[in-house]
Amino acid sequence: PTAYCPPKSSRGAGERDLAGRGIRVLVLCEDQAHQRFAQYCLKELDFHSRELRFALAPGGRGAAEAWVRKRYPNEVQTQRSKANHQRAGLLAVIDADNATVKSRLEQLDAALDQQGMERRSPRERIAIWVPRRNIESWIASLVGQEVDESTKLARTARSEEFVRAAVQFEAWYRNPQ
């Protein structure tokens, strides 16, 4: 299994290629910051906005990461049912929060196990981004700020920071070092 995990300090989980025109992607995410970051990054990776759909956790109803974990098996099943006849992909964006990237990926695998489903295969168009600690950490790192991944950053990213971070993400993605 693979995952998108920038910045470099979080990249231990590998990566999977979703990039390509004509692939319809559902982005399963915790909040609007995840949505905006994914939207800008996927645009930089040559996706058109009409190819993207977003499912956000409902605001004010508990832990958004728990909502993503609960919904993940259903979306994997839907993606797999479309895989043979449609160019469909799934991108799950879930913060590591106080956990590690590895443990968050294991939780998503466990959610599949509990439903009696196979875990992700490297051949599937299923990607997972696990920002450590939160998406703001990735944005700050990608725009050149020093980041301590154990410190929660405030949700203060401005539009231009999302754009700059997406451009840097695309450069990292196309030429990892």
Side-chain angles (χ1 to χ4, degrees), residues 2-8 10-11 13-61 63-72 74-76 78-79 82-83 86-97 101 104-105 108 120 124-145 147 152-176:
T2 55
Y4 296 116
C5 295
K8 292 177 188 170
S10 300
R11 283 178 50 193
E15 62 183 276
R16 172 77 173 129
D17 186 17
L18 264 183
R21 301 291 273 147
I23 298 174
R24 298 179 61 87
V25 178
L26 172 66
V27 181
L28 180 63
C29 52
E30 293 184 24
D31 56 32
Q32 289 182 343
H34 284 179
Q35 177 186 354
R36 290 180 68 195
F37 181 74
Q39 187 171 11
Y40 283 120
C41 288
L42 293 171
K43 180 181 175 190
E44 289 296 320
L45 292 170
D46 299 325
F47 285 88
H48 191 280
S49 60
R50 71 176 172 266
E51 297 168 328
L52 306 176
R53 290 184 314 124
F54 296 90
L56 280 73
R61 293 194 180 163
E65 61 82 19
W67 182 88
V68 171
R69 282 189 289 119
K70 182 177 179 182
R71 181 115 180 232
Y72 178 71
N74 294 336
E75 298 304 341
V76 168
T78 300
Q79 192 281 329
K82 295 177 179 180
Q86 293 182 16
R87 291 178 45 96
L90 173 63
L91 170 59
V93 185
I94 184 170
D95 288 338
D97 296 321
V101 172
R104 194 62 85 204
L105 293 170
L108 292 172
R120 289 180 308 135
E124 293 182 288
R125 288 189 183 109
I126 300 172
I128 301 172
W129 292 353
V130 184
R132 171 98 172 94
R133 158 131 200 196
N134 57 18
I135 196 70
E136 289 74 18
S137 299
W138 274 14
I139 293 166
S141 177
L142 287 164
V143 300
Q145 297 175 21
V147 175
K152 184 175 183 175
L153 297 180
R155 298 187 177 271
T156 59
R158 298 180 309 271
S159 291
E160 64 270 9
E161 290 174 319
F162 280 96
V163 173
R164 286 179 36 221
V167 169
Q168 289 303 312
F169 178 89
E170 186 269 343
W172 169 87
Y173 176 82
R174 302 242 191 245
N175 189 21

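Scanning both residues, A33 and I135, for their nearest heavy atoms gives CB-CG2, 3.8 Å. In plain terms, the two heavy atoms of E65 and I94 that are nearest each other are O-CD1, 3.5 Å. D46 approaches R174 most closely through the heavy-atom pair OD2-NH2, 3.3 Å. Residues S137 and V147 approach most closely at O-CG2, 3.6 Å, considering heavy atoms.
Ring pair F169/W172 is tilted by interplanar angle, where 30° to 60° counts as tilted.
Between V143 and Q168 there is no side-chain heavy-atom pair separated by less than 4.5 Å. Using a 4.5 Å cut-off on side-chain heavy atoms (C-beta onward), R120 and L108 make no contact. Between L56 and W67 the shortest side-chain heavy-atom distance does not fall below 4.5 Å. Using a 4.5 Å cut-off on side-chain heavy atoms (C-beta onward), C41 and W129 make contact. In this structure the side chain of P131 never reaches within 4.5 angstrom of the side chain of N134, judged on heavy atoms. In this structure, the side chains of R104 and R69 come closer than 4.5 Å at one or more pairs of heavy atoms.
R125 contributes atom CZ, which lies 13.0 Å from atom NZ of K82 (distance to the nearest 0.5 angstrom). Residue L28 holds its CG atom at 6.0 Å from CZ of R71, rounded to the nearest 0.5 Å. Note: E170 CD to L45 CG = 6.0 Å, rounded to the nearest 0.5 Å. In this structure, the separation between CD1 on I23 and CZ on F47 is 5.0 Å, given to the nearest 0.5 Å. To the nearest 0.5 angstrom, S49 atom OG is 8.5 Å from K43 atom NZ. Atom CD of E161 is separated from atom OH of Y40 by 11.5 Å, given to the nearest 0.5 angstrom.
Within a 6.0 Å radius of CD in Q86, more than 12 heavy atoms belonging to other residues, nucleotides or ligands are found.
With sequence neighbours left out, the side chain to side chain contact (heavy atoms under 4.5 Å, CB included) criterion links V27 to V25, C29, A38, L42, F54, L91, V93.
Remark: side-chain polar atoms of Q79 are paired, donor with acceptor, to backbone N or O of A88 under 3.5 angstrom. Between the side chain of D31 and the main chain of A57, no donor-acceptor pair closer than 3.5 Å is present. Proximity of a side-chain donor or acceptor of R132 to a complementary backbone N or O of D97 within less than 3.5 Å is detected.
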